[in-house]
Protein chains: 2
Amino acid sequence: MATGRTHRPATRSRGIPEATVARLPLYLRALTALSERSVPTVSSEELAAAAGVNSAKLRKDFSYLGSYGTRGVGYDVEYLVYQISRELGLTQDWPVVIVGIGNLGAALAGYGGFASRGFRVAALIDADPAMTGRPVAGIPVQHSDDLERIIEQDGVSIGVIATPAGVAQQVCDRLVAAGVTSILNFAPTVLSVPDGVDVRKVDLSIELQILAFHEQRKAGEDTGADGDAEHTPAVVPPAPRGAAGTGGRKGPDGDVPAVMPA
Amino acid sequence: MATGRTHRPATRSRGIPEATVARLPLYLRALTALSERSVPTVSSEELAAAAGVNSAKLRKDFSYLGSYGTRGVGYDVEYLVYQISRELGLTQDWPVVIVGIGNLGAALAGYGGFASRGFRVAALIDADPAMTGRPVAGIPVQHSDDLERIIEQDGVSIGVIATPAGVAQQVCDRLVAAGVTSILNFAPTVLSVPDGVDVRKVDLSIELQILAFHEQRKAGEDTGADGDAEHTPAVVPPAPRGAAGTGGRKGPDGDVPAVMPA
DNA sequence: CCATCTTTGTGCACGCGTTCACAAAGACAT
DNA sequence: ATGTCTTTGTGAACGCGTGCACAAAGATGG
Ligand SMILES: NC(=O)c1ccc[n+]([C@@H]2O[C@H](COP(=O)([O-])OP(=O)(O)OC[C@H]3O[C@@H](n4cnc5c(N)ncnc54)[C@H](O)[C@@H]3O)[C@@H](O)[C@H]2O)c1
Ligand SMILES: NC(=O)c1ccc[n+]([C@@H]2O[C@H](COP(=O)([O-])OP(=O)(O)OC[C@H]3O[C@@H](n4cnc5c(N)ncnc54)[C@H](O)[C@@H]3O)[C@@H](O)[C@H]2O)c1
């Protein structure tokens with residue numbers, strides 16, 4: 001998932017529920033695939049299956065956009081692709097800057113799916129002087145000293161942060177001050193931004209921890225021991241399939257010893 | 001039809017709400033930072049600010065775990081770190097395999113935050129024979145022919161898919177058949193899995209499109225006109241019945257329906 | 001022991017999102 | 001035109017998540 005921070009400007013955004021907006025790209029992807037196969041129309045049932053959602057939900061989602069279907073037939077694929085693209089703002093070009101061209105930033109820079117939908121990598125920015133001028137994915141890296149100039153010059157309104165967590169807030173502040181109003185944050189930090197700026201985060205660590213929670217729960221049910229263990233501490237839960245005995249992991253993030261208070 | 005998608009296990013009796021589970025890693029991160037600064041206790045107000053959430057929400061979240069606070073004082077940092085870690089299943093070791101060691105997979109393999117919380121990269125798997133044996137982030141890449149053996153041997157229950165979208169479902173099927181029950185998918189595809197298997201996806205493209213939607217909305221407020229007369233909607237079909245009468249979707253701002261293709 | 005102050009834990013109300021179920025709309029055949 | 005069949009669009013019910021507001025719990029001080 002990856003959600004942004006608190007999202008409630010009190011002013012209802014546009015009639016379209018946030019949950020619906022989050023699914024539109026999903027529909028768009030499925031529709032694009034149908035379009036490439038020259039499928040003329042599609043029913044809500046078929047499209048819903050392709051997008052992995054409930055058909056009633058899909059119909060309600062589309063009802064927020066308007067009545068674009070034909071009863072008894074379904075939806076016109078090409079037409080719907082256009083309508084959703086327009087609604088999402090993909091009919092225009094969105095220049096994007098990526099800040100922090102390390103392992104992740106470099107991978108993002110070369111990501112094909114980036115440019116596929118109106119998103120254009122306008123610039124790659126890094127603080128390391130050694131990287132300045134070096135081409136990554138065909139785009140020369142620019143020094144962060146020029147960050148403000150680049151953003152204003154190219155009219156960039158979307159920024160991607162792929163720097164270490166320690167400097168993410170600082171980078172964010174500079175981006176916002178220079179005019180960026182949408183930020184996609186890959187650094188594991190909570191960013192503070194003024195009103196009117198949207199932040200969405202992608203946090204691998206959080207996703208894994210959520211998976212671990214459910215994984216543990218599944219394992220707990222199998223052993224039948226204490227399915228709903230409640231809060232009765234003391235011992236660690238039974239290890240599921242092949243969980244190696246904590247062979248002294250303790251990552252660089254510095255895990256904590258875990259001590260019970262008196 | 002195992003259209004199985006992610007979806008909630010419906011947290012039956014005495015379960016922790018999914019929304020709460022998703023925030024626990026956030027609290028844990030903030031608490032870990034406090035722990036490293038040797039802060040003994042923290043109030044819900046302070047911790048909520050650090051995690052970027054509402055304090056009432058935080059207290060309610062913690063109430064699902066039990067009564068771990070002390071009224072008039074706050075929460076014991078070390079104790080909470082332990083409790084949340086335990087609840088999330090981070091007190092045990094989780095071996096993880098990454099399939100598809102391309103640009104993204106390689107970045108993930110070298111990600112420090114991966115190993116920081118009990119997640120251990122057990123293996124890197126790729127279908128390209130040229131990569132087999134080559135070390136990435138210090139770990140030798142193994143060929144996908146050995147996928148099943150690796151998973152069973154190491155008791156891996158969490159898999160990360162970073163392959164091209166076209167083969168993601170196929171890779172997913174093999175992972176699941178071999179015993180993996182939690183999948184983190186980076187490929188832009190909807191994965192079908194049987195019940196009991198959790199899938200979470202990280203989709204950069206979707207995040208950007210959501211940002212673009214809001215960005216367009218912000219821009220639309222400034223400039224009164226809709227800006228793009230490119231597609232020229234020639235004919236304006238009658239507004240779908242009840243735009244104003246029956247239930248009024250849409251806001252007061254009159255949207256311009258485009259032409260329906262023949 | 002009592003008073004006061006701080007902060008938790010939670011009952012409650014509200015709004016959003018999901019899902020069901022069905023009338024209405026249109027296609028198509030006769 | 002009429003009837004049948006398919007599929008949309010949506011009213012309504014429901015459940016989940018959020019945030020308010022406050023009583024209770026415990027610390028602290030006299
Ligand atoms: N690698 C992953 O798979 C992964 C996954 C999830 C999250 N993340 C997060 O993404 C971020 C980047 O990860 P990474 O592996 O690419 O790290 P990295 O160290 O390889 O790259 C960080 C880059 O940021 C640059 N940088 C540092 N300070 C900067 C500044 N002030 N302005 C501009 N650039 C600056 C550095 O020069 C470096 O090139 C980290 O916060 C990490 O936690 C990484
Ligand atoms: N690069 C990014 O920033 C980024 C961002 C979001 C999503 N993605 C998605 O992540 C996936 C990987 O992206 P990438 O840029 O690393 O692509 P890539 O082409 O660099 O890497 C793909 C790797 O998968 C391997 N592979 C192919 N088929 C395989 C199979 N059947 N089994 C095992 N390995 C197989 C290939 O050998 C290759 O090494 C893609 O689906 C992409 O859309 C990438």
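First the proteins, then the strands, lettered A, B, ... as listed; each starts at 1. No hydrogens, no waters, no symmetry mates; every other heavy atom, side chains included, goes into these values.
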Protein-proximity profile, nucleotides 25-30 of chain D, B/S/- by nucleotide at the 4.0 Å heavy-atom cutoff, equals B-S---

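- Residue pairs meeting the ring pair (Phe, Tyr, Trp, His ring centres under 6.0 Å) criterion with at least one member in residues 21-62 of chain A, sequence neighbours excluded, are A/Tyr27-A/Phe62, A/Phe62-A/Tyr75.
- Of the candidates A/Leu191, A/Leu184, A/Val180, A/Leu191 is the only one forming a side-chain contact (heavy atoms from CB on, under 4.5 Å) with A/Ile161.
- In this structure, CZ of A/Phe62 is placed 17 Å from P of C/dG17, rounded to the nearest angstrom.
- Looking only at side-chain heavy atoms (C-beta outward), B/Leu90 and A/Gln209 come within less than 4.5 Å of each other.
- Remark: A/Lys60 is not in phosphate contact with D/dT10, judged by side-chain N or O atoms under 4.0 Å from OP1 or OP2.
- A/Leu58 places its CG atom 16 Å from the P atom of C/dG17, with the value rounded to the nearest Å.
- Computed from coordinates, the A/Tyr64 OH to C/dC16 P distance equals 10 Å when rounded to whole Å.
- Not counting sequence neighbours, A/Ser157 has no partner by the side-chain hydrogen bond (donor to acceptor under 3.5 Å, both in side chains) test.
- Not a single side-chain hydrogen bond (donor to acceptor under 3.5 Å, both in side chains) links B/Thr189 to another residue, sequence neighbours left out.
- By the side-chain hydrogen bond (donor to acceptor under 3.5 Å, both in side chains) test, A/Ser182 is found to be paired with B/Glu215, residues two or more places apart in sequence or in another chain being considered.
- Interface residues of residues 37-46 of chain B facing DNA chain C, ordered by number: B/Ser43, B/Ser44; criterion, heavy-atom separation under 4.0 Å.
- Scored by the side-chain contact (heavy atoms from CB on, under 4.5 Å) test, B/Ala50 finds B/Ala30 as partners (sequence neighbours excluded).
- Following rounding to the nearest Å, A/Tyr27 (OH) and D/dT8 (P) show an atom-to-atom distance of 13 Å.
- Among residue pairs with one or both ends in residues 39-51 of chain A, none qualify as salt bridge (Lys or Arg N to Asp or Glu O under 4.0 Å); sequence neighbours excluded.
- With sequence neighbours excluded, no residue forms a side-chain hydrogen bond (donor to acceptor under 3.5 Å, both in side chains) with B/Thr41.
- As rounded to whole Å, 12 Å separates atom P of C/dT10 from atom CG of B/Leu65.
- Counting only residues at least two apart or on different chains, the salt bridge (Lys or Arg N to Asp or Glu O under 4.0 Å) pairs with a member in residues 19-33 of chain A are A/Arg23-A/Asp61, A/Arg29-B/Asp203.
- In this structure, the NZ atom of A/Lys57 is 11 Å from the P atom of C/dG17, given to the nearest Å.
- If you take CD of B/Glu18 and C1' of C/dG17, they are 15 Å apart, rounded to a whole angstrom.
- The overall bend of the helix from C/dC1-D/dG30 to C/dT30-D/dA1, read as the angle between its terminal helix axes built from five base pairs each, is 10° when rounded to 10 degrees.
- Between B/Arg59 and the phosphate of C/dG11, there is no side-chain N or O to OP1/OP2 separation shorter than 4.0 Å.
- Close to D/dG9, at under 4.0 Å from its OP1 or OP2, lies a side-chain N or O of A/Tyr75.
- Every residue two or more places apart in sequence or in another chain was checked for a ring-ring contact (aromatic ring centres under 6.0 Å, His included) with B/Phe186, and none qualifies.
- Straight-line distance from the CG atom of B/Asn54 to the P atom of D/dA21: 12 Å, rounded to whole Å.
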